[in-house]
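One is the number of the first residue; the rest follow in order along the sequence.
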Amino acid sequence: MKVYDSNMLRNIAVLGHSGCGKTNLIEAIAYTSNLTNKISKQNDKVNMTYTLGLVLVEYNNYKYNLLDTPGYFDFCGEVISSLTASDAAIIVIDATTDIQVGTEKSLELTEDVPKIMFINKIDNEKSRYKDTLEMLREQYGNKIVPMIIPIYKDKKFVKLHNIFENIDELDGEFKDEAMSVKEALMELIAETDDEILDKYFSGEELDAQDIQKGLTIGIQRGDIIPVICGSTLNNIGTTEILDTVSKYLEPKYLDKDSTFKGFVFKTVVDPFIGKISYLKVTQGEIKKDDEVFNINKSSKEKISNLYTMKNKELVEINKAKCGDIVIVTKSNSLQTGDTISLNKDDEAMPVIQFPKPQIYFAITPKDKGDEEKVSATLNKIADEDPTIDWYRNSETKQALIGGQGELHINIVKDKMKEKFGVDVNLEDLKVAYRETVKGKSDVQGKHKKQSGGHGQYGDVKIKFERSKKDFEFTEEIFGGSVPKQYIPAVEKGLKDSMLKGVLAGFPVTNIKATLYDGSYHDVDSSEMAFKMAASLAFRKGMEEAQPVLLEPIMSLKITIPEEYMGDVMGDINKRRGKILGMEPLGKGKQVIYAQAPQAETFKYAIDLRSMTQGRGYFEMEIEKYDEVPYQIAQRIIAQANNNR
């Protein structure tokens, strides 16, 4: 495999709504470069993209590392990973429909990334090219510039026209449109550089060198967003994309004399090969058998194998230069986000910011005894996908898995079975209810037992009340009614008893217990006897101090387009929640700050997505515990006691 210089490398992330033609575009590019001999048609069975894919294409002495990303934003972690390794993005847009939510999210994620818009399906009879262009201009204004325009005759697509080519050969409205577009683009190009601007204002015609320089600067800054159109199914517009990417997207990398540095942007765990790390070379060059430092782990790694990906196969290479993307195997310390360098004192690159889970499910093995297999597999899954989180809830005794949506979690479930041979069930979460008291009580707990020989005797008097702390124990013993050596046993007996409350067996919290009196026996008293006495006192004390059920209350930060404000706020109220405040975010978005009981939020991700057409998202964490309303509490208590 040829080793490419940095100036001949292009790393491009391909984004867009599911079904817009991203994978098909990459197939068309691969076909154009003679890498494959087929482009999938609409009736072919094409697997939905759930994970980031790397496709290497060589064309006109350039190497293109194309990163195919999922359209479903349950898998947005893959998109974020791809953008950290990319020089630019191509956003694929379906010309037969309105701007879709996946397109909107792609535009948001690439706000600071040089990009090209590719309007697909322009030869489809349902194509609405001009409407699509107008919708893009509503978002970006005059930055949107069609460089390749479609020519139609009798509403049927005829050909593409490059606005830099001879416009006089066009007819009527197409000529006027091309002239108008070209003039607008020339003005944007002129504004990128003072010398070009002076030339433009003096009435001189901008030459090819001026245009290339201005477009390169403008696209890099985000002041110019070229629009190319075509059809992935019929391989229209593909060469125009490749020419635009090679000509106007010129990433700048530190030269080959710099010390090697790179970072892992994607991890795959293969049951046979092991850990596979996708690495972007950001400085210098990397060679097979290099010994590098994992800056994040303060460990050393030998790069035993170095690969690129061609036709879905790993192809071994000896080295790669700055800007390239390579694949490393059998480097077990490497994880997504890690920086590696030849210099052990190098600084780690910024951590990739992945979104927090939107939804959790409980996960259990179908085969008893597979708990350890489930844990090991989930660790591998989380290595591959940092937007997956899993942990064991010590209160509910459930293993919980969190992700970006229901589809995301179900795909993980399928992957666990198909890839790692571990079959699991997904179940609803249990709420980690707790119990406490609203009132006060003053009770005695006496444990007395005689069964021949030494008996058991412990006697305590304890006051119980609400506390701001989880547990508060004090003693006010006078005259040695409870000997000091038994007081720790009393405290231990109370703590043990707090594991199960009197209402429904939920853990007890926010209790203050004051030991103020009691009695003992010289022979029969023991630590165990006083623990038992404390346990008896605890049960009586709870029952007499108005025990109540508590539930976790979540704080929510909900980001939505402002047109959905009414629906979302009304829905929060229906969930026994309350709105704490609102904050405008700009670009037609609002942030709602709210609180709601955890029991009402387990499937909130699904409902919010439905309410906002997939445009809303949220962050959530436990804020506090509050008393459960009486009627609801009675149902919870009855159900819990039936299950005990």
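- In this structure, I93 CD1 and M135 CE are separated by 9.0 Å, a value rounded to the nearest 0.5 Å.
- Annotation for L15 and A89: closest pair CD1-CB, 4.1 Å, computed over non-hydrogen atoms.
- Although no hydrogens or angles enter the test, the distance criterion places no donor-acceptor pair under 3.5 Å between the side chain of N235 and the main chain of Y31.
- Atom CG of residue N65 and atom NZ of residue K280 lie 9.0 Å apart, to the nearest 0.5 angstrom.
- With D383 contributing its side chain and V268 its backbone, the two residues share no donor-acceptor pair below 3.5 Å.
- Side-chain contact between E134 and R128 is absent, with no heavy-atom pair separated by less than 4.5 Å.
- Here the CD1 atom belonging to I241 is positioned 11.5 Å from the OH atom belonging to Y59, to the nearest 0.5 angstrom.
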_S246 and N60: CA distance, side-chain angles, deciding distance, side-chain contact (heavy atoms from CB on, under 4.5 Å) verdict_ = CA-CA 9 Å; S246 61; N60 283 354; over 6 Å; no
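- Minimum interatomic distance between L233 and I39 (heavy atoms only, all atoms of both residues): O-CG2, 4.3 Å.
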_CA sep, side-chain torsions, deciding dist, call: D123, S231, side-chain hydrogen bond (donor to acceptor under 3.5 Å, both in side chains)_ = CA-CA 7 Å; D123 55 351; S231 168; 3.1 Å; yes
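- Of all non-hydrogen atoms in N61 and Y4, the two that sit nearest each other are O-CE2, 3.5 Å.
- The closest side-chain heavy-atom distance from S33 to Y62 is not below 4.5 Å.
- Heavy-atom neighbours of Y307 OH from other residues, nucleotides or ligands within 6.0 Å: above the threshold of 12.
- Side-chain contact between I286 and I303 is present, with heavy atoms from C-beta onward closer than 4.5 Å.
- Each of R609, Q358, Q404 was scored for a side chain to side chain donor-acceptor pair (under 3.5 Å) with D74, with one residue passing: R609.
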Could you go through residues 167-185 and list every donor-acceptor pair under 3.5 Å that involves a side-chain atom there, pairing it with any protein atom two or more places apart or in another chain?
from: E169; atom 1: OE2; to: K159; atom 2: NZ; distance (Å): 3.4
from: E173; atom 1: OE1; to: K130; atom 2: NZ; distance (Å): 3.3

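- Residue K2 qualifies as enclosed at atom NZ: its count of foreign heavy atoms under 6.0 Å is above 12.
- T339 approaches K261 most closely through the heavy-atom pair CG2-CE, 3.7 Å.
- Listed for the T32 side chain is a donor-acceptor partner under 3.5 Å among the backbone atoms of A28.
- In this structure, K321 contributes its side chain and N7 its backbone to no donor-acceptor pair below 3.5 Å.
- How far CD1 of I211 is from OG1 of T216: 11.0 Å, rounded to the nearest 0.5 Å.
- Here K63 pairs with D324 in a salt bridge; the nearest charged N to carboxylate O distance falls below 4.0 Å.
- From F157, atom CZ reaches atom CG of N234 across 9.0 Å, with rounding to the nearest 0.5 Å.
- Looking at K275 and V328, their side chains never come closer than 4.5 Å, going by heavy atoms from C-beta outward.
- Within a 6.0 Å radius of CG in N311, other residues, nucleotides and ligands contribute more than 12 heavy atoms.
- Taking 4.0 Å as the cut-off between side-chain N and carboxylate O, K587 and E108 do not count as a salt-bridged pair.
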*Under the salt bridge (Lys or Arg N to Asp or Glu O under 4.0 Å) rule, what do K419 and E384 come out as? Steps first, then yes or no, please.*
CA-CA 12 Å; K419 190 172 178 181; E384 289 193 332; 2.5 Å; yes
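- Going from atom CD1 of I273 over to atom CG of L314 covers 5.5 Å, rounded to the nearest 0.5 Å.
- When the ring pair (Phe, Tyr, Trp, His ring centres under 6.0 Å) test is applied to Y604, the partners found at least two apart in sequence or on another chain are F618.
- Using a 4.5 Å heavy-atom cutoff, the side chains of I91 and F118 are not in contact.
- Salt-bridge annotation for D68 and K22: absent, with no side-chain N of the basic residue lying under 4.0 Å from a carboxylate O of the acidic one.
- K356 is not listed as a side-chain neighbour of Y617, based on a closest heavy-atom distance of 4.5 Å or more.
- Side-chain N or O atoms of T69 include one that pairs as donor or acceptor with a backbone N or O of V14 at under 3.5 Å.
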_Could you walk me through whether V245 and I116 satisfy the side-chain contact (heavy atoms from CB on, under 4.5 Å) test, starting with their C-alpha distance in whole Å, then the side-chain angles of each, then the deciding distance to 0.1 Å, before giving a yes or no?_
CA-CA 8 Å; V245 168; I116 293 169; 3.8 Å; yes
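- A donor-acceptor pair under 3.5 Å links the side-chain atoms of K115 to the main chain of T110, judged by distance alone.
- N120 places no side-chain N or O within donor-acceptor distance of the main-chain N or O of V92, the cut-off being under 3.5 Å.
- A donor atom on one side chain and an acceptor atom on the other are found under 3.5 Å apart for D389 and Y360.
- Residues F420 and K380 have side chains in contact (heavy-atom distance under 4.5 Å, counting atoms from C-beta outward).
- Relative orientation of the F265 and Y278 rings is perpendicular, given thresholds of 30° and 60° on the angle between their planes.
- Under the 30°/60° scheme for interplanar angles, the aromatic rings of F75 and H408 are found to stand perpendicular.
- In this structure, K415 and I381 approach most closely via the heavy-atom pair CD-CD1, 3.4 Å.
- A 4.5 Å side-chain heavy-atom check between L56 and M1 finds at least one atom pair inside the cut-off.
- Of the possible donor and acceptor atoms, one in the side chain of D207 sits under 3.5 Å from a partner among the backbone N and O of D210.
- Environment of CG in N318: sparse, with no more than 12 heavy atoms of neighbouring residues, nucleotides or ligands closer than 6.0 Å.
- In terms of heavy atoms, K105 sits closest to R615 at NZ-O, 4.1 Å.
- Within a 6.0 Å radius of NZ in K330, no more than 12 heavy atoms belonging to other residues, nucleotides or ligands are found.
- Residues K557 and E619 are not paired through a salt bridge, judged by the lack of any N-O separation under 4.0 Å between the basic side chain and the carboxylate.
- Counting heavy atoms of neighbouring residues, nucleotides and ligands inside a 6.0 Å radius, atom CG of N166 exceeds 12 of them.
- Without hydrogens or angle criteria, D338 side chain to Q335 main chain gives a donor-acceptor distance under 3.5 Å.
- Ionic pairing of K156 and E125 is not present here: no N-O contact between side-chain nitrogen and carboxylate oxygen is shorter than 4.0 angstrom.
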*asked:* Run the side-chain contact (heavy atoms from CB on, under 4.5 Å) test on L249 and I12 for me, step by step, so that the C-alpha distance in whole Å, both residues' side-chain angles and the decisive distance to 0.1 Å come before the verdict.
replied: CA-CA 10 Å; L249 294 173; I12 309 295; 4.1 Å; yes
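- The backbone N or O of I606 lies less than 3.5 Å from no partner atom in the side chain of S610, so there is not a single donor-acceptor pair.
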*Please test L334 against T267 for side-chain contact (heavy atoms from CB on, under 4.5 Å), starting from the C-alpha separation and ending with a verdict.*
CA-CA 8 Å; L334 297 185; T267 303; over 6 Å; no
